[in-house]
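Worksheet: one structure, shown below.
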Amino acid sequence: MSQTPPALPFVFLLLRHRTLLAGGAIVTLVLVAALVSLVWTPYAIDALSVADRLKGSSLAHPLGTDQYGRDMLSMLMVGARTSIAVALVAVGIGVCVGVPLGLIAAARGGWLDEGLMRVNDLIFAFPALLSAVMITALFGAGAVNAIIAIGIFNIPVFARVARGGALATKSREFVLAARVSGKGEIRIIVEHILPNIANLLIVQGTIQFSLGILAEAGLSYVGLGAQPPLASWGRMLNEAQTMMMLAPTLALYPGLAIVVTVIGLNLLGDGLRDLLDPRLKRRVA
Amino acid sequence: MLVYAATRFASLAATLLVATLLVFVVLEILPGDPAQLMLGLNAQEDTLAALRSEMGLDRPAWARYLAWIGGFATGDLGTSYTYSVPVADLVADRAVVSLPLAMIALALSTVIAIPVGVYAARHRGGWQDGGIMALTQIGIAIPNFWFAMLLVYVFAVSLRLVPSGGFPGWEAGVGPALQALALPAVALALPQAAILARVMRSALIDVLHEDYVRTARAKGLTRHATLWRHAVRNAFIPVLTILGLQFSFLIAGTIIIENVFYLPGLGRLIFQAITQRDLIVVKSVVVLLVGTVILVTFLVDMAYAAADPRLRKR
């Protein structure tokens with residue numbers, strides 16, 4: 001396929017890349033739901049109402065209510081906020097710590113590179129979820145510890161991607177030209193290497209974002225993530241499990257929310273990769 | 001090959017050692033005195049001191065670390081604070097649930113993923129490929145515990161084909177035990193199979209472009225023979241990498257899945273031990289799980305080197 005001329009308006013770009021469009025639409029929808037929940041939800045999520053418990057879909061409660069009479073739609077909206085916040089900050093930790101480490105490792109090489117990569121391998125040896133369970137359980141359950149636990153495991157991922165990208169870029173002509181013209185190591189990294197590995201980092205970012213959402217859901221499901229009254233999709237599934245016989249839809253909606261959001265993010269990641277690096281498309285598509 | 005194996009093994013031993021040190025230090029800096037925990041807040045100071053010295057808590061940290069590491073060799077990992085039984089026995093009891101579960105899940109995901117991935121690659125761009133890719137996209141996005149809940153609802157609650165949870169133990173016979181492990185294994189395996197099928201497909205598509213595949217066809221091999229004898233075998237290298245990585249995910253997955261199905265495995269043990277602050281159990285189980293992951297990575301590396309001589313030269 002021919003490369004898209006950069007002058008094409010953004011809308012046309014989107015239409016050419018259907019995965020990007022679909023992923024972008026889903027992610028935007030979830031983002032909007034999360035943002036709206038900051039200022040308005042149909043009902044307050046800490047308003048328990050025995051009279052309204054386990055209602056089916058109706059005009060008043062489009063998705064029904066749970067066993068405490070809380071509105072499902074409102075819970076899902078707040079849950080979106082929790083998921084996004086946790087996953088986003090966890091990705092932020094990974095980028096802010098991992099990328100500089102990877103760049104330093106690539107620039108310096110030698111024992112520093114070797115050492116950093118060995119530490120990476122060590123962290124990879126710990127099954128991420130096992131360690132996250134340990135961290136949250138030992139230092140206290142809650143959204144903040146969940147973020148830290150997930151974030152730690154994003155660090156080696158971004159370090160590895162940044163290092164690989166930087167090593168590949170380091171020997172390109174324009175970097176050599178910059179070095180010859182007398183630019184310092186830090187300026188070369190910031191002005192030449194970083195812009196060239198930004199694509200890789202963005203794509204990895206969407207992947208880690210979707211993994212973060214799954215991890216948050218898992219931690220909350222076992223009771224180690226967000227604590228009530230804060231709503232979280234994983235926690236809603238935990239509460240729904242005992243109600244499976246009576247009200248299976250309680251387990252349906254939060255699960256669907258997770259699956260749809262993760263699919264949206266994965267599509268967005270695939271679309272971005274195709275858009276930013278058309279050479280890959282032949283192999284993957 | 002021998003030199004390569006030796007260096008890899010040295011690196012394995014080093015990683016394992018650092019991992020044990022890390023786990024020990026993390027659990028050491030935690031607040032809380034195990035002796036106090038066992039005797040309660042009203043315990044006399046001299047009783048506490050006696051228990052501490054009995055448990056070896058009055059020795060310096062490095063001595064306790066060495067004793068713990070030595071315990072892995074002798075099989076004496078100390079005594080659980082809450083259950084008052086040897087940790088090694090506790091682990092052995094639980095491992096007979098977790099290990100078969102992980103093995104069945106790994107086998108199941110491989111058996112499903114490889115033919116599916118090959119089929120998709122052969123029909124690349126067709127509707128079969130599109131359908132399979134869409135399904136795997138969903139498989140990757142499904143949290144395994146939610147998938148497990150759906151399976152329970154359909155096969156245990158509605159159809160009553162299998163139990164919804166619990167484990168009768170291997171004493172009850174292989175049949176009932178396998179029945180109890182069926183849904184958990186499927187819940188673990190299918191999301192993994194989705195990833196594996198995608199890797200198999202793209203690896204095979206890469207390989208099918210290679211010259212030796214064209215040569216094999218040119219010398220008169222049938223499509224079928226070329227595919228299975230040349231292409232699939234070469235595509236296995238990236239698949240093997242992912243299989244090694246997936247083992248780590250599988251171990252983590254069992255922790256959550258065992259909780260969904262109330263299976264008395266290592267995952268549930270570690271969970272209970274963490275909530276009860278039974279740290280002597282926590283540290284040994286974590287190290288055993290991490291050790292298994294490191295060992296599997298090592299075996300995968302060795303398998304590559306055996307399969308592809310070029311990799312030994314690194």
Side-chain angles (χ1 to χ4, degrees), chain A residues 19 118-119 121-139 141 207 210-211 213-224 233-234 236-238 240-241 244-245 248 250-252 254-267 270 282-285, chain B residues 11-12 14-16 18-19 22-23 26-27 30 124-125 133 137-138 140-147 149-150 152-153 156-158 164 191 198 202 205-206 209 245 247-256 259-260 267 270-271 273-275 277 279 282 285-286 289-294 297:
Chain A
T19 34
R118 285 287 84 78
V119 174
D121 290 348
L122 181 70
I123 298 182
F124 272 121
F126 284 78
L129 200 66
L130 168 67
S131 321
V133 164
M134 240 179 67
I135 291 172
T136 45
L138 294 175
F139 298 100
I207 295 172
S210 72
L211 290 177
I213 286 187
L214 286 173
E216 189 277 332
L219 284 178
S220 294
Y221 171 76
V222 292
L224 295 173
W233 294 337
M236 290 169 75
L237 286 175
N238 175 324
Q241 197 173 5
M244 283 294 266
M245 304 256 233
L250 288 186
L252 200 61
L256 281 178
I258 297 170
V259 172
V260 168
T261 308
V262 173
I263 288 179
L265 280 164
N266 288 344
L267 290 178
D270 286 353
R282 184 186 62 80
R283 290 183 46 212
V284 184
Chain B
S11 129
L12 164 127
T15 318
L16 209 58
V18 179
L22 200 68
V23 171
V26 167
L27 294 184
L30 279 174
R124 184 190 174 195
M133 282 299 99
Q137 203 48 276
I138 296 172
I140 290 174
I142 281 193
N144 54 17
F145 62 90
W146 184 57
F147 186 49
M149 287 169 69
L150 295 182
V152 168
Y153 183 72
V157 177
S158 302
S164 66
R198 288 177 83 93
S202 64
I205 287 174
D206 274 357
H209 285 295
L245 280 178
F247 195 77
S248 172
F249 280 110
L250 215 56
I251 296 269
T254 52
I255 299 175
I256 289 201
N259 277 289
V260 179
I270 201 167
F271 235 93
I274 286 175
T275 44
R277 296 259 146 179
L279 299 185
V282 175
V285 176
V286 169
L289 293 182
V290 172
T292 316
V293 172
I294 295 175
T297 317

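Being a predicted model, the structure only gives us computed values, none of them experimental. Below, read A as the first sequence line, B as the second, and so on, with proteins coming before strands; counting in each chain starts at 1.
Among B:I270, B:I256, B:L22, the residue making the largest number of heavy-atom pairs under 4.5 Å with chain A is B:I256. For the options A:I123, A:D270, A:L256, heavy-atom pairs under 4.5 Å to chain B are most numerous at A:L256. Of the listed residues (A:N238, A:I263, A:T261), the greatest number of heavy-atom pairs within a distance under 4.5 Å of chain B belongs to A:I263.
Interface remark: B:L16 contributes no atoms to any contact with chain A (heavy atom separation under 4.5 Å). Only the side chain of B:V157 comes within less than 4.5 Å of a heavy atom in chain A; its backbone stays farther off. Looking at B:L250, there are no atoms closer than 4.5 Å to chain A (heavy atoms on both sides), in backbone or side chain. B:T297 does not touch chain A: none of its heavy atoms, backbone or side chain, sits under 4.5 Å away. With a threshold of 4.5 angstrom between heavy atoms, B:F271 approaches chain A through side-chain atoms but not through N, CA, C or O. Heavy atoms closer than 4.5 Å to chain A are found in the side chain of B:I251, but not in its backbone.
Contacts of B:T292 classified as side-chain contact (heavy atoms from CB on, under 4.5 Å), with partners at least two apart in sequence or in another chain: B:F247. For the side-chain contact (heavy atoms from CB on, under 4.5 Å) test, residues two or more places apart in sequence or in another chain that qualify with A:I207 are A:V203, A:Q204, A:L211.
Contact record, A:V259 with B:P143: CG2-CD, 4.0 Å, taken as the closest heavy-atom pair. When every heavy atom of B:A141 is checked against every heavy atom of A:L214, the shortest pair comes out as O-CD2, 3.6 Å. The minimum heavy-atom distance between B:A19 and A:L122, with the atom names listed, is N-CD1, 4.0 Å.
Interatomic distance, OH of B:Y153 versus CD of A:Q241, reported as 14.0 Å (0.5 Å rounding).
Using a 4.5 Å heavy-atom cutoff, the side chains of A:R118 and B:V18 are not in contact. For the pair A:N266/B:I140, a side-chain contact is recorded, criterion being any heavy-atom separation below 4.5 Å from C-beta on. Contact annotation: the side chain of B:V260 approaches that of A:Y221 to within less than 4.5 Å [non-hydrogen atoms, C-beta and beyond].
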**OP:** Please report the C-alpha distance between A:L252 and B:W146 in whole Å, then the side-chain angles of each, then the deciding distance to 0.1 Å, and finally whether the side-chain contact (heavy atoms from CB on, under 4.5 Å) criterion is met.
**Re:** CA-CA 9 Å; A:L252 200 61; B:W146 184 57; 4.2 Å; yes

